[in-house]
Number of protein chains: 2
Amino acid sequence: MRLVIARCSVDYAGRLEAHLPSAIRLLMRKADGSVLVHADGGAYKPLNWMNPPNTFSEESGPEGASRWVVRSPKGETLTIELEEVLADHRHDLGVDPGLRKDGVEAHLQELLAAAPGSLGDGFRLVRREYPTDIGPVDLLCHDPTGEQVAIHLTSEPSPGPAAGLAAGGHYVAVEVKRRAGIDAVEQLARYLERLNLDPILRPVRGVLAAQAIAPQARVVAEARGIHCVVVDYDVLRGAAEPELRLF
Amino acid sequence: MRLVIARCSVDYAGRLEAHLPSAIRLLMRKADGSVLVHADGGAYKPLNWMNPPNTFSEESGPEGASRWVVRSPKGETLTIELEEVLADHRHDLGVDPGLRKDGVEAHLQELLAAAPGSLGDGFRLVRREYPTDIGPVDLLCHDPTGEQVAIHLTSEPSPGPAAGLAAGGHYVAVEVKRRAGIDAVEQLARYLERLNLDPILRPVRGVLAAQAIAPQARVVAEARGIHCVVVDYDVLRGAAEPELRLF
DNA sequence: ACGTTGATTTCGTAA
DNA sequence: TTACGAAGTCAACGT
C-alpha cells in the first residue's frame with residue numbers, strides 16, 4: 001500500500017464525469033490496484049476512486065509535480081495531477097483474513113425459522129425460501145387457526161408443502177426484513193398474488209416481519225390484510241434457544 | 001488526518017456484529033472524526049469504519065500496544081486493539097472544495113427532454129417533473145398517434161399541459177432510470193393510476209426509459225401495458241445535439 | 001425533521 | 001456467468 005499526501009486536482013471520466021479542484025488530499029494505492037482519493041472529511045467514502053482491474057501510469061513533471069493516470073478496461077479514466085507531494089509512504093500489509101459478520105437479514109430469517117411461534121400463535125414452519133415463479137418467499141408457515149381449507153389426498157411434488165399441514169388452518173407467507181418499507185409490502189403482495197393462484201395452497205395470508213416497519217408501510221400492509229410483526233433480535237435469539245429461558 | 005499502520009484486531013458491535021482477526025492494516029482517523037480500517041485490498045470500501053459523530057478514546061497498553069474505542073451516540077462501538085504500531089503519521093489537509101458531478105440520472109433526463117423523439121416517434125415534451133399528488137413524474141410527453149382524445153376548450157391552470165397538444169393522440173408519462181427494476185415499474189404504475197384519474201389528461205400511457213432494464217421488470221411492465229425503451233447515453237448525447245450529426 | 005430517491009452504488013448469493 | 005436483492009447501505013433533495 002502506498003500513501004501519498006499531495007496537493008492535487010482530480011478528473012474522472014467514465015460512467016459519469018467529475019472534477020475536483022486543487023487541494024491537499026490523501027492518495028491511496030492498494031496492493032490490489034485500487035486508487036482512492038480521500039479528503040479529511042466525508043466519512044468513509046472517498047471523493048473519487050478507481051477499482052481494480054485497471055492500469056496505472058505515473059509521469060514525472062517539473063519541480064516534483066507528477067501525473068497519475070488510471071484506466072479501467074471499461075474506458076473509465078481517473079487522472080490525478082499532483083502539484084506538490086508532501087509525503088509518500090509505502091507499507092507492506094500482507095493479505096487480510098476475512099471479515100466475520102453476524103446479525104444481517106439472513107440471520108434474522110434463521111432465527112424466525114427456528115422460532116415460527118414468534119410470528120403467530122401455533123405457527124409452524126413449512127419451508128424457508130419457498131419457491132415461486134417470481135422468486136422465493138422468505139418463509140412459508142402454517143397457521144393452525146382460522147378457516148378450514150380443503151383436504152388434498154393426492155400426493156404432491158417435492159417442493160410442495162406437506163399435505164398433512166393443509167388439513168386445517170391456512171398457509172402464511174412471511175417476508176423478513178430488517179427495515180420494512182412500502183417496497184417490502186409490495187414484494188409480499190406480489191408473492192401472495194402468485195401463491196393464491198395455487199389451489200393447493202389457497203388461501204395464503206401474509207405476514208411482514210421486521211425489526212422496524214415504516215409507518216407508511218404498516219398502513220399499506222394493513223389495508224391489504226397483511227399482518228405486521230415487529231421482531232426483537234435479542235428476544236428472538238432467546239426464543240430460538242428456549243433452554244436458556246428455563247433458568 | 002492521522003494515518004496509522006498497525007497490526008491490529010477489530011471488533012464492531014452495532015447494527016450488526018463483526019470481527020476482524022489480527023493483521024496489519026491501515027487505520028485512518030479523519031478530521032471530521034471518521035475512523036476507517038483499510039486492508040490492502042477490497043477496493044474502495046474499508047473493512048470497518050465508524051462515521052461521525054462519535055467519541056474517540058485511546059488507551060495505552062504495555063510494549064507499545066494500545067486500544068482505540070470509538071462509540072456512536074446510537075450505541076455502536078468499534079474497538080481496535082493495536083498490538084504493534086509500524087507507523088503513525090499526521091497531516092493537516094484543510095477543508096476540501098466540493099466535487100462536481102455530471103452524467104447522472106438528472107442528466108439523462110435532460111437529454112431525453114431535449115430529444116423526446118428517442119422515446120417514441122413524434123413524441124413531444126409537455127413538461128419535465130410534471131407534478132402529481134404523489135410526486136413528480138420525470139417527463140410528461142405527448143404522442144400524436146393513437147386514439148383521439150377529447151378537445152378541451154376551457155383554459156387550464158398553470159401546471160396543466162398545453163390544451164392544444166391534447167387535440168389528438170394521447171399523453172405519455174415517462175419514468176427515467178439508469179437501471180430500471182420492478183420498483184421503477186411500480187412507481188410508474190402508481191403515477192399512471194393517478195394521472196388517469198384526471199379527465200383532462202386521460203388516457204395516459206406509460207414509458208419506462210432506462211440504460212438497462214431488468215428482465216423481470218420488463219415482464220411486469222409489458223403485462224401492465226407499459227412500454228420499455230432502452231436508451232444509450234452516447235447516442236442520446238448525439239440526438240440532443242443534432243447539428244453534430246450533419247457532418 | 002422526515003421521507004424519498006439516486007448511487008461510478010458495492011457486495012453477496014442463487015439460479 | 002448473470003441476475004437480483006441487501007447494505008452497518010450513504011447522501012442529497014424536497015416537503
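A, B, ... follow the sequence lines: proteins, then strands. Residue 1 opens every chain.
Comparing D:dG8 with C:dT5, their P atoms sit 22 Å apart, to the nearest whole Å. Comparing the P positions of C:dT8 and C:dT4 gives an interatomic distance of 22 Å, to the nearest angstrom.
When every heavy atom of B:L119 is checked against every heavy atom of B:A209, the shortest pair comes out as CD2-CB, 3.6 Å.
Rounded to whole Å, the distance from NZ on B:K177 to P on C:dT4 is 14 Å. Atom P of nucleotide D:dG8 and atom CD of B:E17 are separated by 13 Å, given to the nearest angstrom.
Residue whose closest nucleotide on DNA chain C sits further toward the 5' end, between B:G42 and A:E76: A:E76.
Residue ring and nucleobase are stacked for A:Y12 and C:dT8, with a centre distance beneath 5.5 angstrom and an angle between planes beneath 30°.
Taking only side-chain atoms of B:R179, from C-beta outward, the nucleotide of C:dT10, D:dA3, D:dC10 with the closest atom is C:dT10. Taking the side chain of B:K101 as heavy atoms from C-beta on, and the options D:dA6, C:dG6, C:dT8, the nearest nucleotide is C:dT8. Of the candidates D:dA3, C:dT10, C:dG6, C:dG6 carries the atom nearest the B:E175 side chain, counting heavy atoms from C-beta on. Closest approach to the B:Q187 side chain among C:dC11, C:dT5, D:dC10 is made by C:dT5 (side chain taken as heavy atoms from C-beta onward). You'll find that the side chain of A:A43 is closest to D:dA11, out of D:dA11, D:dG8, D:dC10.
Residue-level contact check: B:A214 touches the backbone only, with heavy atoms under 4.0 Å from sugar-phosphate atoms and none from bases.
The aromatic rings of A:Y171 and A:H142 stand perpendicular to each other, their planes meeting at an angle above 60°, with 30° marking the opposite boundary.
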